[in-house]
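For reference, the structure is listed below as structure tokens.
Chain naming here is simple, since letters A, B, ... match the order of the sequence lines and numbering starts at 1 in each.
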Number of protein chains: 4
Amino acid sequence: MSAQRNEQARQAIIAAAFRLCASTGFASTTIEAIASEAGVGKTTIYRWWPSKAAILIEGLESARDSSAAFPDTGDITADLLTQTTNVMALFATDFGLVWRGLIASAQSDQIAAEGVPRILRTSIDQCVARLAKAQGAGQLRADLDLELAVELIYGPIYHTWLLRTRPVPPDFMHTVLTTLMPALTAPTNEA
Amino acid sequence: MSAQRNEQARQAIIAAAFRLCASTGFASTTIEAIASEAGVGKTTIYRWWPSKAAILIEGLESARDSSAAFPDTGDITADLLTQTTNVMALFATDFGLVWRGLIASAQSDQIAAEGVPRILRTSIDQCVARLAKAQGAGQLRADLDLELAVELIYGPIYHTWLLRTRPVPPDFMHTVLTTLMPALTAPTNEA
Amino acid sequence: MSAQRNEQARQAIIAAAFRLCASTGFASTTIEAIASEAGVGKTTIYRWWPSKAAILIEGLESARDSSAAFPDTGDITADLLTQTTNVMALFATDFGLVWRGLIASAQSDQIAAEGVPRILRTSIDQCVARLAKAQGAGQLRADLDLELAVELIYGPIYHTWLLRTRPVPPDFMHTVLTTLMPALTAPTNEA
Amino acid sequence: MSAQRNEQARQAIIAAAFRLCASTGFASTTIEAIASEAGVGKTTIYRWWPSKAAILIEGLESARDSSAAFPDTGDITADLLTQTTNVMALFATDFGLVWRGLIASAQSDQIAAEGVPRILRTSIDQCVARLAKAQGAGQLRADLDLELAVELIYGPIYHTWLLRTRPVPPDFMHTVLTTLMPALTAPTNEA
DNA sequence: AGTTAACCGAGACGGTACGTCGCGTCTTGTT
DNA sequence: AACAAGACGCGACGTACCGTCTCGGTTAACT
């Protein structure tokens, strides 16, 4: 065998896809534009990815690490506020454009429909892990369904971010958590 | 002036758009297919709507009425459960396909980006009104931000429905409300 | 009966058709443009003319008179030179653009295919009449077929004008007639 | 470099254009119909030709050879009669439909306006060559402008064929040449 | 003097073809 | 064998005009 996959081309394609997506939007980021921007033949793209969503998904999955890790100061409420604030800040960057485009295309593109939940899974698992630790420490109700807790916490974020029903106030997540957390925390037995 | 708009054509176009969207999906519903299905020239569509999203938005806005009205039995928790259950059922129908497509296209199409929040506004306002009544009746905390409450309630629905991170259990909204409502309701002074 | 044809509209339409044809060319002179330019409804045009060619033909037929009448100085060769020179000058004006467009559309449009020969007939008949007079005066061969003579004289003009095979020299018709006329004139019996 | 032009497609397109032009006429021969008839994408046509006229011109130029060559029996008058008769016969075939359409479109289409004279040039040059030989042999006047001679000979043909002013008699070219040739031939000095 | 019907402007309508864009596949050398 | 380049068949785009068809409104002949 010889002539294996060209790693340079792979990175150039992913980088070009992100660049275009950030500058001209997800919808007008075409395979042809990516190929041209990356200085690559279309064939090379189609050989390795089935759609533009796949390229961006691969890009996200390989570069996710540092982005929005969970802090652990021992105070679950404070840590959630820190992390969700980071997430909302991230959504306001170029990353947000890509991610929004992927979520949108997941409604019709098969690859995106599988990739989006897969990407989210990691973040959710990290969140669940942090919540589980807090639960173990008695900071959260023992009977709390942690998957559900994630949805209660992140639901409002995606609701405002995707549906754009109102301008998001700066202290949005502070208010959300202030309102929500009492329902998640263990009752303080002060009878 | 003269030569007014043909109301028959207008309705045929909207109906055709919904039919196609339901049967072949939002992404593959083309203007040409709508025109053909409606027995109408493409020009007639482009004369009145700038994109397929606009057609579907107009259809939704003119036929919204009855779909998911708010019950009022006096019990806010029960009413929310009823209504959100109805909404989730609605999302599982053809309407859901259209709505999902519109939300997706709102991430790139200007018209959809305006229409989706406009459509939601009405539903949110109805929800807020019902919540306000409950608040007035002392069933909800007096200092509760009702817009936020809506996001806390519907956020999890859209989170699961759009992001598809896990299969939605049948009693999903029951669990959501059971967990969430204590944080929204007025504290029962039983000291 | 009542409400007869609006003469003002008729003239405005013909005038607009000529104006557009002269300024933007025959091909891009559309019925819609004529209607707009004339400040007239499309219906009014279609009520009275079957195609744009018909409008221009009517315009030519009603305004032909003065354009290229035949002089009669008694010298047939000189008169032909005068007249053909006038014709070629006319072909270089806006009239030429219209006439060329009509001849072109006569290759496909039924109305033009009838109108072009009808318009030409008049000119040819005038030419034939002048030739007949010369023939009667013994200036042309007695056995000359005058229809053919017209084609021999005008053929080269249309050949160069329609087929554009070479730049037309200024003394073109002088040379044509100098070469051709000996074949048409009666032999001078100088035995 | 790579990915060269598909010769099969090229020929299929030209053939389809001729077939359609012959069967439905030049005016109603559309690019879409040609593409469909040739089993080819529209893009492939637009990639290589700017208009349908260009296709037909290329077809004519690449297949011109045999069509109406000049005989050379030594008798210039007889040879001209033979050749012009052939031309008129050719004009009555499908080729005539194409050629007429091209001449018509040359009045508005830039490509046709260049192509028609270019195609004619070859035929004219052949005619001029034959005339020059006759002139060299003393059969034509020494001072005869041969370009002009061509126009005198072919002018009547195009006049009748394009302008359709009268039904063309069967012996048309015989009469034309009988009338015209004396003006072109060298005077026989029999004083 | 009032009625009324044809003509008028405006322009919406169902269509056809336009010329362009991007798709995903393919072919042709080059590295 | 993978690559760049890009031609290919295809489908949809949004536009321009086609010729037909309502719409009121005007207007001129005939009640």
Would you say the side-chain atoms of [X] pair up with the backbone N or O of [Y], donor to acceptor, closer than 3.5 Å?
| X | Y | result |
| --- | --- | --- |
| A:Q11 | A:E7 | no |
| C:T24 | C:L20 | yes |
| D:R100 | D:W161 | yes |
| A:T29 | A:G25 | yes |
| B:S36 | B:E32 | no |

Classify every nucleotide of nucleotides 20-26 of chain E by which part a protein heavy atom approaches to under 4.0 Å, writing B for the base, S for the sugar-phosphate alone and - for neither, in 5'-to-3' order.
BBBBBBB

Does A:G39 or D:R10 map to a spot on DNA chain F nearer the 5' end, using the closest nucleotide for each?
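Nearest nucleotide further toward 5': that of A:G39.
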
Assuming nearest nucleotide by heavy-atom distance, tell me which of D:E7 and A:G41 is located more 5' along DNA chain F.
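The residue mapped nearer the 5' terminus is A:G41.
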
Show, in sequence, the C-alpha distance, side-chain angles and deciding distance for C:R164 and D:Q107, and conclude whether the side chain to side chain contact (heavy atoms under 4.5 Å, CB included) test is met.
CA-CA 10 Å; C:R164 306 160 172 274; D:Q107 313 309 323; 4.2 Å; yes

Hey, are the side chains of D:R10 and D:S62 touching, using non-hydrogen atoms and a 4.5 Å cut-off?
yes

Any side-chain heavy atom of C:F95 sitting closer than 4.5 Å to one from C:L60?
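In contact.
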
Using OP1 and OP2 only, check whether a side-chain N or O of [X] sits under 4.0 Å from [N].
| X | N | result |
| --- | --- | --- |
| C:R5 | E:dC7 | no |
| B:R47 | E:dC13 | yes |
| B:T44 | E:dA12 | no |
| C:W48 | E:dC8 | yes |

Could you state the atom-to-atom distance from [atom1] of [X] to [atom2] of [N] in whole Å?
| X | N | atom1 | atom2 | answer |
| --- | --- | --- | --- | --- |
| B:W49 | F:dT15 | CH2 | C1' | 18 Å |
| D:F26 | E:dA17 | CZ | P | 15 Å |
| B:N6 | E:dG15 | CG | P | 13 Å |
| D:Q8 | E:dT28 | CD | C1' | 16 Å |
| C:I34 | E:dA10 | CD1 | P | 16 Å |
| D:L20 | E:dA17 | CG | C1' | 14 Å |

May I ask you to establish whether C:R5 and C:W48 are in a cation-pi arrangement, using a distance under 6.0 Å from NZ or CZ to the six-membered ring centre and at most 45° from the ring axis?
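Output yes; distance and angle both within limits.
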
Please list, by residue number, the residues of residues 98-116 of chain B whose heavy atoms come closer than 4.0 Å to an atom of DNA chain E; answer none if no residue qualifies.
none

Among F:dG9, E:dG14, E:dA12, the nucleotide that comes nearest once only the side chain of D:V40 is considered:
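Selected nucleotide: F:dG9.
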
